Amino acid sequence: SIDTDFSGNFDFLIDGEFLRVSLDRYLEQSAVSSETVLQIEYVERHPAPKPEDSLNHDDWVSAVHATRDCILTGSYDNTLHLWTKEGDLLHTIPGHTHPVKCVSWINHEAGKEGSFLSGSHDQTVLLWHWKELGNEVEAVHCCRGHAGSVDCVAVNQSGDKFCTGSWDKMLKLWSAELSPTDSEEIMDAEDIPKKKKKMSRAGMTTRVPILTLSGHTEGVSGIVWLGEDQVFTASWDHTLRLWDLQKAEQVTALQGNKVFLSVAYSTRSGLLVTGSADRHVRLWDPRSSEGSIVKCTYTSHQGWVSSVAWSQTSEHQFISGSYDNLMKLWDKRSPKAPLYNLVGHTDKILSVDWSIPSLLLSGGADNQLRIFQYEEVTV
Amino acid sequence: MISSKRKLDAVNKNNDILNSGVDLFVNEPPDEEDVSDQDEDSSSSDDDNVNDDGDSDSSQYSGLEEEVASSSLDDSSDEEEQGSDSDDDDDDGEDLMLSDSVDNIAIGTNAKEPAVVDEYEQDSSDEEDIRNTVGNIPMEWYKNYKHIGYDIEGRKLIKPEHGDNLDDFLNKADDPNYWRTVHNRLTGQNIVLSEEDVQLVQNLLGKTHPTQSTEEQYAPWVDWFSSEVMIHPLSNRPEHKRSFIPSKWEKLKVGQMVHALKMGWMKPSKTQEEQEKEEEEQDDKFYMIWNEDEETEISKRYRQHIPAPKTSLPGHAESYNPPPEYLFTKEEEQKWRDQEPEQRRMNFMPQKFSNLRTVPGYSNFIRERFERCLDLYLCPRQRKTRMNVDPEDLIPRLPKPKDLQPFPTTQSLVYLGHTDMVRCISVDPSGQWLVSGSDDCSVRVWEVSTGRCMKTLTVKEKVKGIAWNPNPAVCLLAIVWEKTVVLLNPGVGDKLQLSNTDNMLASQTQAESSADSKVAVSWSVCEGSEHDQGYRLKLTHAHDVSQFTWHSKGDYFATVMPDGQTRSVLIHQLSRRRSQNPFSKSKGSVQCVRFHPLRPFLFVATQRYVRVYNLLKQELSKKLQANCKWVSSMAVHAEGDNVILGSYDSKMSWFDLDLSTKPYQTMKHHKKAIRQVCYHKKYPLFASASDDCSLIVCHGRVYNDMLQNPLIVPVKVLRGHKAEKGVGILDCVFHPSQPWIFSAGADTTIRLYT
């Protein structure tokens with residue numbers, strides 16, 4: 001028997017789904033005979049995330065990504081912001097000429113240095129080097145090649161390559177090395193005219209993509225790495241495509257029927273979640289052979305789901321941010337209702353991030369980056 | 001042997017009776033042979049002839065036969081006899097049927113028998129013994145008495161002497177009649193049964209008729225008083241003398257007829273030959289078999305006769321002495337009085353009179369007759385065939401909107417920023433950017449996916465029109481205000497594309513030809529601060545420009561100047577910086593022009609007509625009748641064969657140019673004026689925006705084969721805008737690649753429905 005003191009802190013699972021109604025109703029709804037034996041699993045209920053901080057920006061916060069103790073945000077005022085996870089602004093980094101659409105950390109060594117990427121409407125991805133000791137941020141490389149706004153960027157596990165997706169329907173693979181490769185130097189020396197050299201910022205080299213993959217018929221809106229060689233892209237053309245970068249070809253395409261706005265991959269569970277323009281969050285299993293099958297649909301949002309992110313520690317939990325001003329914390333076993341609605345934004349949420357397990361981050365069109373404290377459940 | 005002898009006696013006895021008795025039966029045949037003789041004489045049918053089983057009895061009757069034959073009137077031939085015999089087997093059934101009646105007759109004759117001396121002494125019938133009158137009681141009750149009951153006069157009936165068992169035994173041995181001696185318990189007497197009785201008992205045991213022999217039972221039926229006329233009279237009496245005197249009345253009658261014949265009043269009946277001839281003549285006449293089928297007007301009228309409506313029969317309530325439940329209570333009476341005469345359940349009040357004499361004259365009689373006459377006068381004279389059609393069948397079967405997805409269903413994004421009504425919107429060919437022109441004299445560029453206003457351009461006047469160049473390789477925006485059309489590089493999207501656009505425009509500068517003086521449009525290249533703002537080319541017209549449209553290739557564009565008279569429509573070519581006026585005459589105030597997406601046609605909508613001009617041949621190709629009062633907007637399908645028109649009288653018309661110059665379908669879903677209509681480039685969708693703040697999205701599938709007409713199904717009404725100064729939605733445009741629609745409202749917002 002369960003002590004009454006703790007009874008409120010448990011969630012019950014039947015057949016891998018959260019029990020959200022009384023047991024009677026459940027039996028009635030699922031037409032299960034009351035004579036059968038039901039396996040009920042219980043887990044400790046996660047406490048509600050607490051709103052902790054709100055970091056004010058000058059313009060819409062379009063992208064957010066965090067490492068262990070630093071938060072990087074991109075904004076529509078063409079700048080990047082670097083924050084500590086306590087909420088102190090370390091840097092405001094100008095560099096782009098158009099609104100920033102996506103940011104991503106490559107690596108960060110606490111106290112020493114770090115590097116990160118930012119993609120923008122100006123069709124470039126900038127590779128930044130941050131020397132924490134001197135507190136200097138420097139744009140090392142300007143990755144040129146896209147013919148549209150760079151909407152998504154993702155760095156692989158080892159941190160030596162990254163992929164970008166753009167409105168120009170292309171998927172491009174780039175080197176994430178800080179040190180310039182040979183070809184770049186040659187290019188710098190020969191190809192770039194003097195006029196352009198002047199325009200480009202001092203000390204910044206132009207980097208070209210290693211690989212360009214075309215296949216999508218509309219803009220690419222989300223990108224994730226599945227391993228060292230494979231990336232998954234989500235697009236406005238209603239498809240999810242799996243690419244093999246080694247062979248430089250498309251492996252499979254999963255056909256949806258609505259525009260995909262975001263995709264996230266969990267290394268723990270090996271599952272994908274996508275946010276769509278039809279306010280649903282969908283769960284996909286890229287490993288299943290009949291790939292077009294949507295494993296589950298999570299319906300609770302009232303607007304476009306602009307961004308999704310998996311938990312780093314739990315294979316069940318993910319968050320989604322939507323244009324209905326809500327961030328929702330989901331358990332993949334509870335398709336009917338989210339675990340928690342995280343209220344706070346007063347305008348569209350454009351980006352969410354859960355890279356720091358204890359912090360839920362969301363940036364929105366209300367110029368705020370909201371931070372929610374999330375307590376890990378120690379089992 | 002004994003039985004047969006007895007039977008013979010009985011039969012003889014019967015015969016005696018018959019022969020000696022009634023006159024009528026003098027000829028009655030005692031057996032079958034005589035009957036058949038008789039039959040032969042009277043020429044009656046032989047059906048009733050009685051058969052014989054052919055047992056030993058028949059031989060015994062042989063003696064009788066002679067005796068009876070002597071009394072019969074006529075001898076018969078033997079052949080006939082045999083002939084009748086041969087029928088025997090067939091007639092068994094009928095004989096059995098007849099047996100009952102024969103029996104009755106026989107019994108009757110027995111009863112009348114006068115020869116019986118003492119009925120009571122020998123009677124052994126089932127009739128109640130009338131000598132002992134004690135009734136139907138057990139006779140044991142008299143066991144200990146000397147008497148056994150009482151007779152009818154109350155005297156005791158003494159039990160007769162009864163011998164003991166020994167006597168009984170001796171009697172058994174000695175008495176020859178012992179076997180037919182029975183004991184009557186009622187009288188205590190021993191009765192010796194007569195021969196007839198024994199015969200009767202035996203007949204009963206043998207389940208035959210108790211008294212009659214087989215022959216008697218099945219005596220043949222002689223139909224004496226049949227309709228058959230006998231050749232010999234039953235009586236020999238000569239005819240009466242008066243039967244020879246001719247009848248006076250008959251003579252009179254004959255006299256009259258003779259007179260009539262003489263006068264020709266009566267015609268003698270035709271001879272048989274003449275009659276036959278006539279009949280033949282009649283037979284030869286042929287006639288139309290189906291003649292009757294063509295009904296004459298009169299017979300039709302008779303057949304369709306409608307009887308006059310009948311008055312209903314009077315009920316109990318109309319009786320002068322109705323049952324009390326028909327009489328009105330006070331409340332009912334009051335109610336009846338309060339009601340209008342038409343509403344009353346019955347048009348009189350039931351009244352009770354003690355008798356018919358006291359019933360007064362009916363005061364309503366005249367009026368009632370008059371109403372009846374009116375009824376007759378106004379009753380229907382013709383049968384009206386009512387159409388029995390299910391209203392469901394009249395509605396065309398359309399697919400459910402659910403099956404026609406995708407189409408926009410919900411409002412997803414609102415683009416906020418304008419401060420006055422947004423008059424026009426346009427989406428760039430890639431679908432990433434949306435531009436809007438507003439009455440607040442600004443043009444805004446929006447990011448479609450987020451609703452972010454990326455750029456704001458302030459112009460001098462209220463923006464009347466805005467259009468993105470449909471060529472995806474070029475990034476060029478046309479903005480219309482007052483007399484000016486500005487081609488603008490918006491500075492969003494691909495940088496390479498932007499610079500290419502600039503280069504293209506710059507290279508064309510050299511190719512500029514001198515402007516046509518007739519057209520009165522001046523092209524000018526923007527420089528300086530205007531160039532920095534993005535302005536590239538400026539076209540200044542002579543009059544206010546109300547509408548602007550690009551050709552699908554993006555090189556030509558057309559402008560409408562409603563006040564321009566003959567120059568109300570101008571076609572401009574971007575690459576050659578040239579303007580021309582295609583029409584020398586004005587055909588009414590032009591509302592809207594559109595280019596055919598594939599062929600060199602121009603659709604020009606005036607207030608009531610749409611004229612389709614072939615620009616190459618420079619001739620009028622078609623003239624569509626809009627069927628509305630004032631055309632507000634027009635859109636051409638991507639294939640170019642279908643056109644929709646929106647009008648200020650809230651009608652939307654779909655024209656299939658291959659089909660007709662009249663609308664293929666007219667939809668009146670909106671409650672107020674339609675401001676804009678548009679087609680989707682890829683999906684089979686079209687929409688209309690109206691002042692009633694609703695945006696109606698319809699599924700409009702156009703089939704490639706010429707056989708199938710377009711399928712038009714309204715699928716969704718989208719709401720969200722609010723009316724400002726009586727204006728609702730001013731413009732709507734579909735997303736180029738997604739099934740989404742943008743609407744620009746007078747409430748300063750632009751909304752995206754997905």
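Proteins get letters first, then strands, A, B, ... in listed order; numbering begins at 1 in each. The structure presented is a predicted model; accordingly, all values stated were derived computationally and were not measured.
Heavy-atom distances place no part of B:Gln411 under 4.5 Å from chain A, backbone and side chain included. Residue B:Ser430 touches chain A through both its backbone and its side chain, counting heavy-atom pairs closer than 4.5 Å. B:Thr410 does not touch chain A: none of its heavy atoms, backbone or side chain, sits under 4.5 Å away. Residue A:Trp60 touches chain B through both its backbone and its side chain, counting heavy-atom pairs closer than 4.5 Å.
One distance of note links OG of B:Ser737 with NE2 of A:His238; it measures 7.5 Å at 0.5 Å rounding. For the atom pair B:Arg452 CZ and A:Ser62 OG, the distance stands at 9.0 Å (nearest 0.5 Å).
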Show which side-chain atoms of residues 681-688 of chain B pair as donor or acceptor with protein atoms under 3.5 Å away, not counting sequence neighbours.
unit_1   : atom_1 : unit_2   : atom_2 : d
B:Ser688 : OG     : B:His670 : NE2    : 2.7

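Contacts of A:His280 classified as side-chain hydrogen bond (donor to acceptor under 3.5 Å, both in side chains), with partners at least two apart in sequence or in another chain: A:Thr299.
Atom CG of B:Asn704 is surrounded by 12 or fewer heavy atoms from other residues, nucleotides or ligands within 6.0 Å. Taking a 6.0 Å sphere around NZ of A:Lys169, one finds it holds 12 or fewer heavy atoms contributed by other residues, nucleotides or ligands.
Inspection of non-hydrogen atoms places B:Trp740, B:Leu752, B:Thr754 of residues 740-754 of chain B under 4.5 Å from chain A.
Panel note: side chain A:Glu218, backbone B:Gln738; no donor-acceptor pair is recorded below 3.5 Å.
The shortest heavy-atom contact between B:Asp494 and A:Gln123 is CA-NE2, 2.6 Å. For B:Ser449 against A:Tyr323, the heavy-atom pair with the smallest separation is O-OH, 2.5 Å. Minimum interatomic distance between B:Met454 and A:Pro99 (heavy atoms only, all atoms of both residues): CE-CG, 3.6 Å. Nearest heavy-atom pair across B:Lys495 and A:Asp122 is NZ-O, 3.2 Å.
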With side chain to side chain contact (heavy atoms under 4.5 Å, CB included) as the criterion, how do A:Trp236 and B:Gln432 come out once you've worked through the C-alpha distance, each side chain's angles and the decisive distance to 0.1 Å? CA-CA 11 Å; A:Trp236 279 53; B:Gln432 193 179 14; over 6 Å; no
Test log, rule side chain to side chain contact (heavy atoms under 4.5 Å, CB included), inputs A:Asp168 and B:Gln497: CA-CA 12 Å; A:Asp168 65 0; B:Gln497 197 184 338; over 6 Å; no
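Of the listed residues (A:Val259, A:Asp324, A:Leu350), the one with the most heavy-atom contacts under 4.5 Å to chain B is A:Val259. Most heavy-atom pairs under 4.5 Å with chain A: of the set B:Val492, B:Leu413, B:Leu496, this distinction falls to B:Leu413.
Screening residues 400-411 of chain B for salt bridge (Lys or Arg N to Asp or Glu O under 4.0 Å), with sequence neighbours left out, gives no hits.
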